[in-house]
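One structure below.
A note on names: the letters A, B, ... follow the listed sequences, proteins ahead of strands, and every chain is numbered from 1.
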2 protein chains.
Amino acid sequence: MGTFRKTPDRGDVDAPSPESIDRDSDEPVYAQLVRIIRRQVADGVLRPGDQLPSEAQLCRRYGVSPMTVRRVVNILSDQGIVVGEQGRGTFIRPVELGDASFQLQRLQDLVGGDQPASVRLLQATIVGADRKTAEKLGCVPGQRLIYMRRLIEAEAGPVCYHVEYLVYDPARPVVEAEIATTSLQGLFGGPGQPLIKHGELSIEAVLLGDDEARLLQAPPPAAGLRIEHLFFAYDERPMSWGWFLCRGDRLRFGSRVGISQEHLAPEGKSVDEP
Amino acid sequence: MGTFRKTPDRGDVDAPSPESIDRDSDEPVYAQLVRIIRRQVADGVLRPGDQLPSEAQLCRRYGVSPMTVRRVVNILSDQGIVVGEQGRGTFIRPVELGDASFQLQRLQDLVGGDQPASVRLLQATIVGADRKTAEKLGCVPGQRLIYMRRLIEAEAGPVCYHVEYLVYDPARPVVEAEIATTSLQGLFGGPGQPLIKHGELSIEAVLLGDDEARLLQAPPPAAGLRIEHLFFAYDERPMSWGWFLCRGDRLRFGSRVGISQEHLAPEGKSVDEP
DNA sequence: TAGTGGTCTAGACCACTTA
DNA sequence: AAGTGGTCTAGACCACTAG
């Protein structure tokens, strides 16, 4: 590569006098330094392609130990703010569209407006597995399954329709609380199913069927978000298969890339790359 | 809380003799230890609620320094595998539905089958901003904008339809390459727009309009995934607004929660929580 | 050769929890 | 009081990149 601006000249930016570390603060030193550097990026003092001061320089500059600086750089790297290159330096990374990620966690927040969403159990019966379900769950057709249908309702009306097939195993009885779940918290985490080892999920856009549209009170044709989930037990056998159908017009996931001006609250974590 | 199993008794699991650190390996010590513990979780040797050996124990057990163990625990914490509690210990976290996250990055991978996807520029003209667009971009209606429409095609046919409005600023000329972008790489990152400071994105399910359905060769009514993006320049003013419309049946984002058995490749990073 | 990031050590002090 | 995680230090060695 060519030349780098270690100390970029930005006539259009009035660089604030460099913040320093407050040893009396409750905020850990490493977190302060992360915040300071993020702030410099947010203010445009540091821009994509610019080289971060070397670790030794940062040590002298802020009066902290090499390990602490290392930790800070790791965190910034994990956050996608900078990228380190052996023997060359650490550089500010440009913003990329692909950085965006949508957290399923947000579904709880989004659904819950002022009032927390309620979960209504529509059905919970024993059924025999049909062909497709048997395939998903890796069992024989006709296998006894627990079939559940739930409706998640917010203030504005129904938002999500949830269908789930649970493998019925007498040796591993399903606790009643697991079925009668009436809160999103119960569906999403908390002391949920302690027998789940891992799961695979996918998300896609679909047309709502007639029954589904009716339940969600959406006049057809209507689009919905379909979140499918397949959970595995500790013996690596599929244990639960199902999906959420969410009204497209009542559910939206958001994400940010880069650092916006306002976003200056004390932030997360850390970092390392093998 | 009650009692914890520091050394859980699992008659049903044959715990493999504990792996040890290979100092001659190219794999860093901390990465090895992360892998070892992840493996124990994957094998069910460590289960949700179990307490991880204390840091001092891990030091003795694997013959590494406290700082290295700390780094390992931080990484596991960042990955959501464990959660530390001051004064009590570090515990294996149960799998939660909300842990799932969908990376927009995957769009490139998903669209590209064997052949990389191609991007066809349908239109690139100067238009006057309508009311809604002006509102989004924070400019006056009638403001001159660059209006672009692109079609992203995979082997199987068209997948995404992209519409974008770019603020036209003579003082900040848009490079031709930016407009004529004919690759996903160009849209998603690489040496893309170096003038973007940050962006906001959202994803939702919508019904495709007639024109859109025709372009995507989907017989209406058809559902699609709509990914809207709004990018800001370094002066914090909106610079670009647009959205991707993707055929629901040709695009699906995937995610995993927990640790599956096969997933034993050397992994990511690290960690810290303020 | 000099500078850089990447890893690792062997301690230290603190706040917190539990008993 | 003992054990735990959380933070921080002041060095060290290495691999890599550059001039």
Side-chain angles (χ1 to χ4, degrees), chain A residues 1-4 6 21-34 37 50-78 81-93 266 268-274, chain B residues 1-4 6 21-34 37 50-78 81-93 266 268-274:
Chain A
M1 298 198 180
T3 60
F4 300 106
K6 298 209 178 191
I21 302 296
D22 176 12
R23 310 298 301 206
D24 296 332
S25 168
D26 286 340
E27 192 183 12
V29 171
Y30 78 92
Q32 290 185 52
L33 191 45
V34 165
I37 296 179
D50 287 348
Q51 183 175 19
L52 211 62
S54 78
E55 306 196 348
Q57 283 175 318
L58 289 173
C59 289
R60 292 192 296 271
R61 175 80 170 62
Y62 294 98
V64 296
S65 80
M67 268 305 288
T68 301
V69 164
R70 200 79 244 315
R71 184 177 189 177
V72 168
V73 174
N74 278 344
I75 292 174
L76 292 171
S77 176
D78 267 14
I81 310 291
V82 304
V83 55
E85 298 182 27
Q86 269 261 13
R88 301 215 316 124
T90 304
F91 303 88
I92 309 295
R93 243 195 45 160
K269 322 303 167 38
S270 76
V271 150
D272 263 304
E273 197 103 4
Chain B
M1 299 198 184
T3 60
F4 301 106
K6 298 209 179 189
I21 302 296
D22 175 11
R23 310 299 300 206
D24 296 333
S25 168
D26 286 340
E27 192 182 12
V29 171
Y30 77 92
Q32 289 185 51
L33 192 45
V34 165
I37 295 179
D50 287 348
Q51 184 175 18
L52 211 61
S54 79
E55 306 196 348
Q57 282 175 317
L58 289 173
C59 289
R60 292 192 296 272
R61 176 79 168 65
Y62 294 99
V64 295
S65 80
M67 269 303 288
T68 300
V69 164
R70 200 81 243 317
R71 185 177 187 177
V72 167
V73 174
N74 278 344
I75 292 174
L76 292 170
S77 175
D78 267 13
I81 309 291
V82 305
V83 54
E85 299 182 27
Q86 269 260 14
R88 300 215 318 123
T90 304
F91 303 88
I92 308 294
R93 243 196 44 163
K269 341 279 163 48
S270 78
V271 150
D272 263 307
E273 197 104 0

Between [atom2] of [N] and [atom1] of [X], the distance in whole Å:
X	N	atom1	atom2	answer
B/Leu33	C/dT9	CG	C1'	15 Å
B/Gln51	C/dT18	CD	C1'	12 Å
B/Gln32	C/dT7	CD	C1'	12 Å
B/Asp26	D/dC14	CG	P	15 Å
A/Leu58	D/dC8	CG	P	15 Å
A/Asp24	C/dC14	CG	C1'	15 Å
A/Gln86	D/dA15	CD	C1'	5 Å
B/Arg23	C/dT7	CZ	P	14 Å

_A/Arg88 vs D/dA18: side-chain N/O to OP1/OP2 distance below 4.0 Å_ = yes
*Pull out every stem in DNA chain D, meaning runs of 3 or more consecutive Watson-Crick or G-U wobble pairs with both distances under 3.5 Å.*
C:1-18 with D:1-18
Can you figure out which of [options] approaches the side chain of [X] most closely?
X	options	result
B/Pro66	D/dG11, C/dC8, C/dG11	C/dG11
A/Tyr30	D/dT7, C/dT4, D/dT9	D/dT7
B/Met67	C/dC8, D/dT4, D/dC8	D/dC8
A/Thr68	D/dC8, D/dT4, C/dT9	D/dC8

*Relative to the 5' end of DNA chain C, which residue comes earlier, B/Ser65 or A/Thr90, by the nucleotide with the nearest heavy atom?*
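Nearest nucleotide further toward 5': that of A/Thr90.
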*Taking the nucleotide of DNA chain D with the closest heavy atom to each, which residue, A/Gly87 or A/Val64, is nearer the 5' end?*
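Residue closer to the 5' terminus by nearest nucleotide: A/Val64.
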